[in-house]
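A quick write-up on the structure given underneath.
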Amino acid sequence: MKAIVYRNYGSPDVLRCEEIEKPIAGDDELLIRVRAASVNPYDWRLMRGKPLFLRLMIGGLRKPKITRPGRDVAGQVEAVGRNVTQFKPGDEVFGVCHGAFAEYVCAMEDILALKPANISFEDAAAVPVAAITALQGLRDKGRIQRGHKVLVDGASGGVGTFAVQMAKSFGAEVTAVCSTRNVDTARSIGADQVIDYTREDFTHSGQRYDLIMAANAYHSIFDYRRALSQDGIYVMAGGGWAQIFQALLLGPLLSLIGNKKMCFLSAKIAKKDLVLLKDLLATGKIVPVIDRRYPLAETAEAIRYLEEGHAKGKVVLTLEDDKI
Ligand SMILES: NC(=O)c1ccc[n+]([C@@H]2O[C@H](COP(=O)([O-])OP(=O)(O)OC[C@H]3O[C@@H](n4cnc5c(N)ncnc54)[C@H](OP(=O)(O)O)[C@@H]3O)[C@@H](O)[C@H]2O)c1
């Protein structure tokens, strides 16, 4: 089968589309024929192996241990291991695995869900990591409530486009922050207000928010704190390294002062959340925003584009037979 492989850290030039052995499902696994996969910043961060401490965390100081990129997958079950009880061959599924950028992949049943019949493989593949991050950021860390004033920073990317839609479906009043060219998209997915960050700095506007979900954080933690209401919560999912370290190191300390909470989100892939997302997808409460589609052979281009940091929603790989 064809799969994307890399053996050295580096730019997307290290990615190769190679012929490798088709995997065999273990006892607890499913073999999936991949129909679509989506790209996440996680994929290029691992491929780059930067900063160096990331290599310490995942293993592989000089050479990558993880050599097959791709987490988000949607496809058709081809075979199941003997302990698999929830799926059968022929089922259409979506979820998370390792090495999704390939024609076939093995995955565990507890991080997969049935794909709604009315949703395409591409839409389903766009969902898992980004939408679970948005969901857990708003619901679990952010304790979102109906009527809350919620601001989503980085509202036009993979996580942000789901966060805006979900915050609306939780009954919040949503302000989206993005650049000029994405203002219309932010409105079209339900934002009540849109702030163009190239023209206005919301952290100095005097407005206060009950919840700030930073899908892409590029302000200092003190700026975000200033923009919170008295009992407000700041949830940091991603963005610049300085912002990540601030949330990890200063967040717990700042949360001890007054009632404002500042936290870092580390999303966990959970079956119950995938099932919830399946229902939100099926009923149209979330509609994936897909910016670009690439065939598997052009994975390097897809990752290069996402790495530029201005994708409008998700970047998806499609695995139609004639395009591979
Ligand atoms: N903590 C976790 O568990 C977890 C899980 C998943 C992802 N993440 C992280 O979350 C972050 C977002 O992921 P993603 O999939 O949404 O990434 P993404 O799709 O690559 O984000 C691209 C978006 O970022 C926006 N952006 C760039 N600079 C901005 C700025 N200064 N202010 C506001 N928005 C800006 C861009 O909007 P414009 O083009 O309008 O500038 C673009 O739409 C990444 O850092 C990722 O690693 C964390």
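When reading the values below, keep in mind they use all heavy atoms of this one structure, side chains included, and skip hydrogens, waters and symmetry mates.
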What one should report as the nearest heavy-atom pair of Ala311 and Asp291 is CA-OD2, 3.5 Å

Leu15-Leu296 co-clustered via ILVMFWY side chain contacts under 4.5 Å: yes

- Carefully, step by step, assess Arg55 and Leu61 under the rule side-chain contact (heavy atoms from CB on, under 4.5 Å). CA-CA 5 Å; Arg55 300 187 189 186; Leu61 203 53; 4.2 Å; yes

Closer than 3.5 angstrom, by distance alone: can the side chain of Thr161 be matched with the main-chain N or O of Val289 as a donor-acceptor pair?
no

Across all chains, not counting sequence neighbours, the ring pair (Phe, Tyr, Trp, His ring centres under 6.0 Å) partners of Tyr234 are Tyr224

In short, Val316 meets Ala36 closest at the heavy-atom pair CG1-CB, 4.4 Å

To the nearest 0.5 Å, atom NZ of Lys260 lies from atom CZ of Arg225 at 5.5 Å

Quiz item: When you measure from the centre of the six-membered ring of Tyr9, is the NZ or CZ of Lys50 under 6.0 Å away and within 45° of the axis?
Solution: no

Exercise. Got a donor-acceptor contact below 3.5 angstrom from the Gln246 side chain to the Ile221 backbone?
Worked result: yes

Side chains of Gln136 and Asp273: is there a donor and an acceptor less than 3.5 Å apart?
yes

Practice task
Could you tell me whether a side-chain N or O of Arg68 sits under 3.5 Å from a main-chain N or O of Gly99, the two making a donor and an acceptor?
Solution key: yes

Can a donor-acceptor pair be found between the side chains of Thr198 and Thr180 at a distance below 3.5 Å?
yes

Let me check something: do Met108 and Leu112 share a hydrophobic cluster, defined by ILVMFWY side-chain heavy atoms less than 4.5 Å apart, either directly or through other members?
no

Rounded to the nearest 0.5 Å, the CG atom of Leu317 sits from the CZ atom of Arg35 at a distance of 14.5 Å

Q.
Check whether Lys314 reaches the backbone of Val39 with its side chain - one donor and one acceptor, N or O, closer than 3.5 Å.
A. yes

Trace of the side-chain contact (heavy atoms from CB on, under 4.5 Å) decision for Phe101 with Ile303: CA-CA 11 Å; Phe101 301 167; Ile303 292 188; 4.2 Å; yes

Item to check | Donor-acceptor pair between His310 and Arg181 side chains, under 3.5 angstrom | outcome: no

Flag the pair Lys285 and Asp279 as a salt bridge only when some basic side-chain nitrogen lies within less than 4.0 angstrom of an acidic carboxylate oxygen. no

Would you say the side chain of Glu21 lies within less than 4.5 Å of the side chain of Met1, judging by non-hydrogen atoms? no

Same cluster (ILVMFWY, side-chain, under 4.5 Å), Leu277 and Val164:
yes

For this session: Identify whether the distance between the nearest side-chain nitrogen and carboxylate oxygen of Glu307 and Arg48 falls below 4.0 Å.
Result: yes

Indicate yes or no for a side-chain donor-acceptor contact from Lys141 to the backbone of Arg139 under 3.5 Å, with no hydrogens or angles considered.
-> no

Practice task
Would you kindly confirm whether Val96 and Trp44 end up in one hydrophobic cluster when ILVMFWY residues are joined by side chain heavy atoms under 4.5 Å apart?
Solution key: no

Answer yes or no: is there a side-chain heavy-atom contact under 4.5 Å between Met236 and Ile244?
-> yes

Open item on the list: I want to check a possible cation-pi pair here: Lys115 against Phe94, using under 6.0 Å from ring centre and within 45° of the ring axis as the test.
Closed with: no

With no hydrogens and no angle check, do the side chains of Asp153 and Asn216 hold a donor and an acceptor under 3.5 Å apart? no

Note: Val84 and Glu29 closest approach over all heavy atoms is CG2-O, 3.4 Å

Test your reading of the model: is there a side-chain donor-acceptor pair from His148 to the backbone of Gln145, 3.5 Å cut-off?
yes

Would you mind reporting whether Tyr6 and Leu46 have side-chain heavy atoms less than 4.5 Å apart? yes

In this structure, CZ of Phe264 is separated from CZ of Phe245 (nearest 0.5 Å) by 9.5 Å

Original post:
Less than 6.0 Å separating the ring centroids of Phe53 and Trp241?
Top reply: yes

**Study point:** Ion pair Glu122/Arg293, N-O distance below 4.0 Å
**Key:** yes

| message | Please tell me whether Phe202 and His219 form a close aromatic pair, meaning their ring centres lie under 6.0 Å apart. | response | yes

*Taking only Lys NZ, Arg NE, NH1 and NH2, and the carboxylate oxygens of Asp or Glu, determine whether Arg82 and Asp27 approach each other closer than 4.0 Å.*
yes

task: Step by step, work out the side-chain contact (heavy atoms from CB on, under 4.5 Å) result for Tyr209 and Ser229.
output: CA-CA 5 Å; Tyr209 300 93; Ser229 62; over 6 Å; no

Which of Leu253, Ile212, Leu254, Ile233 passes side chain to side chain contact (heavy atoms under 4.5 Å, CB included) with Met262? It is Leu254

Looking only at heavy atoms, the pair that brings Phe162 and Ala130 closest together is CD1-CB, 3.8 Å

Point to revise | Non-hydrogen side-chain atoms of Arg187 and Val183 separated by less than 4.5 Å | key: yes

Note to self: I'd like to know whether Glu19 forms a salt bridge (charged side-chain N to carboxylate O under 4.0 Å, His left out) with Lys2, so could you lay out the CA-CA distance, the side-chain angles of the two residues, the decisive distance to 0.1 Å, and finally the verdict.
What the structure shows: CA-CA 5 Å; Glu19 199 67 44; Lys2 288 192 170 58; 3.6 Å; yes

Practice task
Determine yes or no for a side-chain-to-main-chain donor-acceptor pair under 3.5 angstrom, with Asp192 supplying the side chain and Thr175 the backbone.
Solution key: no

| field | Asn40 side-chain N/O to Tyr42 backbone N/O, donor-acceptor pair under 3.5 Å | value | no

Heavy atoms of Ile20 and Ala3 approach each other most closely as CD1-CB, 3.6 Å

Ile24 atom CD1: more than 12 heavy-atom contacts under 6.0 Å | no

Shortest non-hydrogen pair, Ala125 vs Ser38, comes out as O-OG, 2.9 Å

*Derivation of the side-chain contact (heavy atoms from CB on, under 4.5 Å) call for Leu151 and Val177*: CA-CA 7 Å; Leu151 179 135; Val177 180; 3.8 Å; yes

In this structure, SG of Cys106 is separated from CG of Asp28 (nearest 0.5 Å) by 11.5 Å

Rounding to 0.5 Å, atoms CD1 (Ile66) and CZ (Arg71) come to a distance of 8.0 Å

Value for CG (Asp13) from CE (Met47), rounded to nearest 0.5 Å, stands at 8.5 Å

| field | Arg7 bridged to Glu18 by N-O distance under 4.0 Å | value | yes

Linking I/L/V/M/F/W/Y whenever their side-chain heavy atoms sit closer than 4.5 Å, directly or via other members, would Val73 and Val315 fall into one cluster?
yes

Should the heavy atoms of other residues, nucleotides or ligands under 6.0 Å from CZ of Arg226 be counted, would the total exceed 12?
yes

Item to complete: Would you confirm whether Gln165, through its side chain, and Ile286, through its main-chain N or O, come within 3.5 Å as a donor-acceptor pair?
Response: no

*Checking Arg292 side chain against Tyr305 main chain: does a donor-acceptor pair fall under 3.5 Å?*
no

